[in-house]
Number of protein chains: 2
Amino acid sequence: MSDTYLRLDRQICFSLNAASRAFGSVYRVLLKDLGLTYPQYLVMLVLWEDGELPVKRLGERLRLDSGTLSPLLKRLEANGLVRRERSARDERSVNVALTEEGAALKERAAEVPRRIAAATGFDLAEIDDLRARLNQLTEALDAAALLQDA
Amino acid sequence: MSDTYLRLDRQICFSLNAASRAFGSVYRVLLKDLGLTYPQYLVMLVLWEDGELPVKRLGERLRLDSGTLSPLLKRLEANGLVRRERSARDERSVNVALTEEGAALKERAAEVPRRIAAATGFDLAEIDDLRARLNQLTEALDAAALLQDA
DNA sequence: CACAATTCAGTTGTGCACAACTCAATCGCG
DNA sequence: CGCGATTGAGTTGTGCACAACTGAATTGTG
């Protein structure tokens with residue numbers, strides 16, 4: 001096999017990783033005012049959209065496990081943005097809900113997506129297209145990961 | 001502004017982040033045999049391609065700073081894959097070079113890109129196109145990040 | 001009902017990303 | 001030359017990602 005395929009600039013994963021971190025830098029600045037990190041912002045997005053939900057379901061929506069979410073949620077709770085309480089009907093489960101303060105933060109977050117979109121320099125159609133491709137990619141990779149396990 | 005833009009499934013950054021982590025899972029399995037993590041693999045790619053180079057330049061190619069690279073390189077050195085030595089002509093600079101073992105690993109890494117490409121389910125043209133768009137995105141975000149600083 | 005298997009959240013340990021910082025080497029300007 | 005500014009690597013501290021694990025609650029099966 002030619003070395004071509006080992007060239008850094010041919011690795012899609014590198015471009016992906018670089019783009020993801022470049023987003024991180026832009027978000028970091030925008031979210032600083034809100035007192036959120038980027039992963040915390042993603043959690044808040046789900047809560048603003050769905051309202052109260054168990055940790056398990058939050059993890060499904062964000063593709064994150066309890067090892068990542070438990071400490072993150074603890075920090076959000078310490079900052080007064082969410083409440084966590086054991087479910088009455090299933091004591092294994094913990095429901096995560098917005099506090100007043102957490103719900104109120106939605107107002108101030110409202111302009112973040114627009115500013116991010118502006119930073120990309122892409123129009124809405126381009127963003128939609130790229131998003132669709134990335135979702136397709138993720139799906140394929142997940143399927144491949146499952147095969148690896150077997 | 002409508003809530004639409006705060007929906008998780010509208011956030012390009014989330015798709016990007018998810019795809020990046022999905023890649024991580026697939027790489028993790030493939031690279032386990034080589035004893036590399038994914039960021040370590042990226043460093044090795046650069047070294048296989050460029051040969052010896054200073055930490056500074058490595059960081060430029062990978063968009064990583066010394067805070068990330070220093071401990072990572074220390075681990076690669078501990079695993080016998082690279083050597084680090086202060087430059088004679090500029091004592092501030094540290095050159096990173098492959099050991100015999102590190103150079104030899106290239107052979108075994110040769111099939112990784114093909115297996116990754118297969119896992120994506122994309123053909124080469126699709127990958128090239130996606131890569132180009134992501135690079136464009138990164139460039140735009142970097143430019144926006146610079147504006148933020150000012 | 002009993003009890004093994006499963007589910008859920010949380011903990012521990014490792015590694016990466018990045019900001020903020022230190023410290024030594026080098027550069028550049030007067 | 002002398003000295004302040006800059007550069008390069010490294011350290012420290014915080015937070016995220018994830019594997020592997022624990023322990024308690026629940027479920028399913030005989």
Side-chain angles (χ1 to χ4, degrees), chain A residues 13-14 17-29 31-32 35-43 53-60 62-79 82 84-96 142 145 148-149, chain B residues 13-14 17-29 31-32 35-43 53-60 62-79 82 84-96 142 145 148-149:
Chain A
C13 57
F14 174 69
N17 192 29
S20 186
R21 285 188 288 121
F23 257 123
S25 299
V26 177
Y27 271 108
R28 210 181 323 281
V29 177
L31 295 176
K32 198 172 183 181
L36 293 174
T37 66
Y38 170 59
Q40 287 167 10
Y41 169 71
L42 292 180
V43 167
L53 82 178
V55 172
K56 169 76 178 187
R57 221 195 272 282
L58 196 52
E60 285 166 1
L62 296 172
R63 327 179 103 257
L64 292 171
D65 66 12
S66 66
T68 299
L69 286 175
S70 288
L72 188 158
L73 291 170
K74 208 182 276 185
R75 283 186 285 270
L76 284 179
E77 189 172 45
N79 293 341
V82 307
R84 289 187 303 158
E85 38 204 26
R86 291 261 158 208
S87 163
R89 73 175 54 183
D90 184 343
E91 294 275 338
R92 291 170 305 181
S93 180
V94 169
N95 287 318
V96 183
D142 280 350
Q148 283 178 336
D149 290 343
Chain B
C13 57
F14 174 69
N17 191 30
S20 185
R21 287 189 285 121
F23 257 122
S25 299
V26 177
Y27 271 107
R28 208 181 323 281
V29 176
L31 295 176
K32 197 172 184 179
L36 294 174
T37 65
Y38 168 60
Q40 288 167 10
Y41 169 72
L42 292 181
V43 167
L53 82 178
V55 173
K56 170 76 178 188
R57 223 194 271 284
L58 196 51
E60 286 166 1
L62 296 171
R63 324 179 109 258
L64 292 172
D65 66 12
S66 66
T68 300
L69 286 175
S70 288
L72 188 157
L73 291 169
K74 208 182 276 186
R75 282 186 286 271
L76 283 179
E77 189 173 46
N79 293 341
V82 308
R84 289 187 302 158
E85 36 204 27
R86 292 261 158 208
S87 163
R89 74 175 53 182
D90 185 345
E91 293 274 339
R92 291 169 305 179
S93 181
V94 169
N95 286 319
V96 183
D142 281 349
Q148 284 178 336
D149 289 344

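Predicted, not measured: the structure shown is a model, and the values here were computed from it. Quick note on labels: first sequence line is chain A, next is B, and so on, each numbered from 1.
Under 4.0 angstrom from either OP1 or OP2 of D:dG10 there lies no side-chain N or O belonging to B:K74. Proximity of A:T37 to the phosphate of D:dT14: no side-chain N or O atom is located under 4.0 Å from OP1 or OP2.
The distance from atom CG of A:L62 to atom P of C:dA9 is 13 Å, rounded to the nearest whole Å. Between the CG atom of B:L69 and the P atom of D:dA9 there is a distance of 9 Å, rounded to whole Å. As rounded to whole Å, 16 Å separates atom P of D:dT26 from atom NZ of A:K56. To the nearest angstrom, P of C:dG10 lies 7 Å from CG of A:L73. Atoms CG (A:L42) and P (D:dG15) sit 17 Å apart, rounded to a whole Å. Separating the CZ atom of A:R57 from the C1' atom of C:dT7 is a distance of 14 Å, rounded to the nearest angstrom. If you take CD of A:E77 and P of C:dA9, they are 14 Å apart, rounded to a whole angstrom. When the C1' atom of C:dG15 is taken as reference, atom OH of B:Y27 falls 18 Å away, rounded to whole Å.
Using a 4.5 Å cut-off on side-chain heavy atoms (C-beta onward), B:L58 and B:L73 make contact.
Across all non-hydrogen atoms, the minimal contact from A:R86 to A:E91 is NH1-O, 3.0 Å. Considering all non-hydrogen atoms of both residues, A:V96 and A:V55 come closest at CG2-CG2, 3.8 Å.
At the heavy-atom level, A:S70 lies under 4.0 Å from base atoms of the strands shown. B:R84 comes within 4.0 angstrom of sugar-phosphate atoms only, judged by non-hydrogen atoms across all strands, and of no base.
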Q: Could you walk me through whether B:K56 and B:E60 pass side-chain contact (heavy atoms from CB on, under 4.5 Å), step by step?
A: CA-CA 6 Å; B:K56 170 76 178 188; B:E60 286 166 1; 3.3 Å; yes
Q: Please lay out, stage by stage, how A:L76 and A:L72 fare under the test side-chain contact (heavy atoms from CB on, under 4.5 Å).
A: CA-CA 6 Å; A:L76 284 179; A:L72 188 158; 3.8 Å; yes
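Looking at B:E77 and B:R84, a side-chain N of the basic residue comes within less than 4.0 Å of a carboxylate O on the acidic one, giving a salt bridge.
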Tabulate atom names and distances for all N/O pairs under 3.5 angstrom spanning the protein and nucleotides 23-28 of chain C.
from, atom 1, to, atom 2, distance (Å)
C:dT26, OP1, B:E91, N, 3.0

Could you go over nucleotides 17-20 of chain D and give all protein N or O partners under 3.5 Å, atom names and distances?
from, atom 1, to, atom 2, distance (Å)
D:dC18, OP2, B:R21, NH1, 3.2

Could you list the donor-acceptor pairs under 3.5 angstrom formed by side chains in residues 35-43 of chain A, with sequence neighbours left out?
from, atom 1, to, atom 2, distance (Å)
A:T37, OG1, A:Q40, N, 3.3
A:Y38, OH, B:C13, O, 3.2
A:Q40, OE1, A:T37, N, 3.1

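Remark: the backbone N or O of A:S66 is paired with a side-chain donor or acceptor of A:S70 at under 3.5 angstrom.
Rounding to the nearest 0.5 Å gives a distance of 4.5 Å between OG of A:S20 and CG of B:N17.
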